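Beneath this line is the structure, given in structure tokens, with notes to follow.
Whatever order the structure lists ligands and atoms in, that order sets their numbers, starting from 1. Since we're looking at a predicted model, the values are computed, not measured. Reckoned from all heavy atoms, side chains included, excluding hydrogens, waters and symmetry mates.
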Amino acid sequence: MSAITAQAVADMLARVRQARPRVHCLMNSVVQKFTADGITVIGGLPSMTGSLEEVESFVGRADALTVNLGTLDAERREAIRLGVAVARAQGKPWIVDPVHCDYSPSRLAFARELIALQPTVVRGNRAEMALIGETPGILRIVTGPVDLLQLGKTSVEIGNGHPFMAQVTGTGCLSGGVIAAFLAVEPDALAAASAALTVTGVAAERAAPHARGPGTFSAAFLDALAAVGDTDILSLARIRHDHPEHD
Ligand SMILES: Nc1ncnc2c1ncn2[C@@H]1O[C@H](COP(=O)(O)OP(=O)(O)OP(=O)(O)O)[C@@H](O)[C@H]1O
Ligand SMILES: Cc1ncsc1CCO
Ligand SMILES: [Mg+2]
């Protein structure tokens with residue numbers, strides 16, 4: 001497809017709000033609420049259960065799946081394996097966030113086990129993605145002051161965001177949920193994730209002037225995600241393409 005424009009981002013956000021995609025999150029226990037709120041205010045419908053009895057039904061009814069490794073134990077690993085199997089069998093988009101895989105060899109091995117199953121997207125911060133390495137055939141996203149998205153030879157950089165985002169635990173996890181909501185309405189994963197990260201970054205920029213610090217930023221960020229519209233996106237989006245024509 002052609003270059004991802006600010007107008008395309010605005011149009012995709014409108015499609016998310018119209019379609020109200022269901023996003024199932026196998027999310028860490030630290031930021032369940034923040035992530036669910038992020039998906040809700042963007043227009044999606046989050047579900048969060050990790051119960052072994054329920055995961056297959058919930059993923060079966062979802063439009064996309066987010067898998068986050070932030071707090072792992074044996075049961076959660078099993079729930080993730082079950083959820084991923086359903087998403088793959090039904091051809092649903094899914095994203096892996098290999099949180100803290102740089103802290104534990106067993107977590108890194110589990111992240112690699114999942115990546116071998118060809119998720120649509122892998123997203124992490126710089127330290128995590130340095131260990132994950134290349135992900136052939138999978139959209140690779142490294143977030144930070146600038147977000148870098150790579151698929152094959154094509155890369156996109158999103159310059160939006162605010163330093164307050166790094167002072168609120170879970171903005172990366174929340175971005176995984178928002179990316180999943182966009183994947184649910186847009187089959188071009190690079191376009192979908194670029195749009196999702198532009199929207200979260202623009203919302204952060206709109207929120208920051210209303211914040212007195214990270215705590216009030218967190219609330220203002222959710223307010224801004226709910227309110228972000230075409231004018232904000234068209235005036236603030238900073239999207240850079242290395243190869244404007246991608247497959
Ligand atoms: N210094 C910064 N300036 C602007 N945006 C930032 C900055 N740091 C992080 N972000 C944004 O914050 C979001 C989370 O990115 P980050 O790389 O901090 O994730 P993370 O470390 O996985 O976060 P967490 O694990 O707390 O969820 C991304 O959307 C990114 O663009
Ligand atoms: C701090 C933290 N610990 C496990 S998950 C999580 C949320 C941000 O990744
Ligand atoms: Mg993270």
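- Annotation: side chain of Ile132 is in contact with side chain of Cys101 (closest heavy-atom distance under 4.5 Å).
- When the heavy atoms of Thr169, Asp97, Val31 are ranked by distance to atom 8 (C) of ligand 2, first place goes to Thr169.
- Side chains of Val122 and Pro98 form a contact here, defined as non-hydrogen atoms less than 4.5 Å apart.
- Distances between N or O atoms of Arg123 and those of ligand 1 include at least one value under 3.5 Å.
- Side-chain contact between Ile239 and Ile158 is present, with heavy atoms from C-beta onward closer than 4.5 Å.
- In this structure, the protein non-hydrogen atom closest to atom 3 (N) of ligand 2 is His100 CE1, 3.6 Å.
- The protein heavy-atom contact nearest to atom 13 (C) of ligand 1 is Thr171 OG1, 3.7 Å.
- In this structure, Gly201 has no heavy atom closer than 4.0 Å to ligand 1.
- Closest to atom 15 (O) of ligand 1, if we only count protein heavy atoms, is Thr143 OG1, 3.3 Å.
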Give the C-alpha distance, both sets of side-chain angles, the deciding distance and a yes or no for side-chain hydrogen bond (donor to acceptor under 3.5 Å, both in side chains) between Ser51 and Glu53.
CA-CA 5 Å; Ser51 152; Glu53 297 76 29; 2.7 Å; yes

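- In this structure, Gln150 CD and Thr135 OG1 are separated by 8.0 Å, a value rounded to the nearest 0.5 Å.
- For atom 4 (C) of ligand 1, the nearest protein heavy atom (residue, atom name, distance) is His162 N, 3.1 Å.
- Polar contact check, Ser175 against ligand 1: no nitrogen or oxygen pair lies under 3.5 Å apart.
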Salt bridge (Lys or Arg N to Asp or Glu O under 4.0 Å) assessment of Arg238 paired with Glu205:
CA-CA 12 Å; Arg238 292 199 299 284; Glu205 290 172 29; 3.6 Å; yes

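- Considering both main-chain and side-chain atoms, Thr169 never comes within under 3.5 Å of ligand 1 through any nitrogen or oxygen pair.
- Each of the atoms 8 (C), 9 (O) of ligand 2 lies under 4.0 Å from some heavy atom of Cys173.
- Of the protein's heavy atoms, Met165 CB, 3.3 Å lies nearest to atom 12 (O) of ligand 1.
- A 4.5 Å side-chain heavy-atom check between Thr66 and Asp97 finds every atom pair outside the cut-off.
- Nearest non-hydrogen protein atom to atom 31 (O) of ligand 1 is Asp147 OD1, 2.7 Å.
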CA sep, side-chain torsions, deciding dist, call: Ile4, His241, side chain to side chain contact (heavy atoms under 4.5 Å, CB included)
CA-CA 8 Å; Ile4 298 142; His241 299 80; 3.6 Å; yes

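- Within a 4.0 Å radius of atom 18 (O) of ligand 1, the protein contributes no non-hydrogen atoms.
- The shortest N/O to N/O separation between Leu197 and ligand 1 does not fall below 3.5 Å.
- At least one side-chain heavy atom of Leu72 sits under 4.5 Å from a side-chain heavy atom of Ile80.
- Of the protein's heavy atoms, Gly70 O, 3.2 Å lies nearest to atom 4 (C) of ligand 2.
- Checked options Thr120, Asp63, Leu139; the residue passing with Leu183 is Thr120 (criterion: side chain to side chain contact (heavy atoms under 4.5 Å, CB included)).
- With ligand atoms numbered from 1 in the order given, ligand 2 contributes 9 (O) to contacts under 4.0 Å with heavy atoms of Val99.
- Counting heavy atoms from C-beta outward, His24 and Leu65 have side chains that approach closer than 4.5 Å.
- Closest protein heavy atom to atom 8 (N) of ligand 1: Ala166 CB, 3.6 Å.
- Under 4.0 Å from ligand 1, not a single heavy atom of Gln167 appears.
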Evaluation steps, salt bridge (Lys or Arg N to Asp or Glu O under 4.0 Å), between Arg15 and Asp11:
CA-CA 6 Å; Arg15 276 197 279 144; Asp11 292 346; over 6 Å; no

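- If you look at Arg126 next to ligand 1, there are no close heavy atoms at all, none under 4.0 Å.
- For the pair Gly124 and ligand 1, no heavy-atom separation below 4.0 Å is found.
- Inclusion of Cys173 in the set of residues having an N or O under 3.5 Å from an N or O of ligand 1 is warranted.
- For atom 1 (N) of ligand 1, the nearest non-hydrogen atom of the protein is Pro145 CG, 3.7 Å.
- Between His100 and Leu69 the shortest side-chain heavy-atom distance does not fall below 4.5 Å.
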Determine whether Met165 and Thr143 satisfy the following criterion, side chain to side chain contact (heavy atoms under 4.5 Å, CB included), listing intermediate values before the conclusion.
CA-CA 11 Å; Met165 295 178 95; Thr143 54; over 6 Å; no

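- For the residues Gly161, Gly170, Pro163, the heavy atom positioned nearest atom 24 (P) of ligand 1 is part of Gly170.
- Here's the thing with Asn125: one of its N/O atoms is less than 3.5 angstrom from an N/O atom of ligand 1.
- Side-chain contact between Val168 and Phe34 is present, with at least one heavy-atom pair separated by less than 4.5 Å.
- With hydrogens and angles left out, the side-chain atoms of Ser47 and Arg22 include no donor and acceptor closer than 3.5 Å.
- Where the criterion is an N or O separation shorter than 3.5 Å, residue side chain and backbone included, Gly144 meets it with respect to ligand 1.
- Nearest non-hydrogen protein atom to atom 23 (O) of ligand 1 is Gly172 N, 3.5 Å.
- At a 4.0 Å cut-off, not a single heavy atom of His100 sits close enough to ligand 1 to count as contact.
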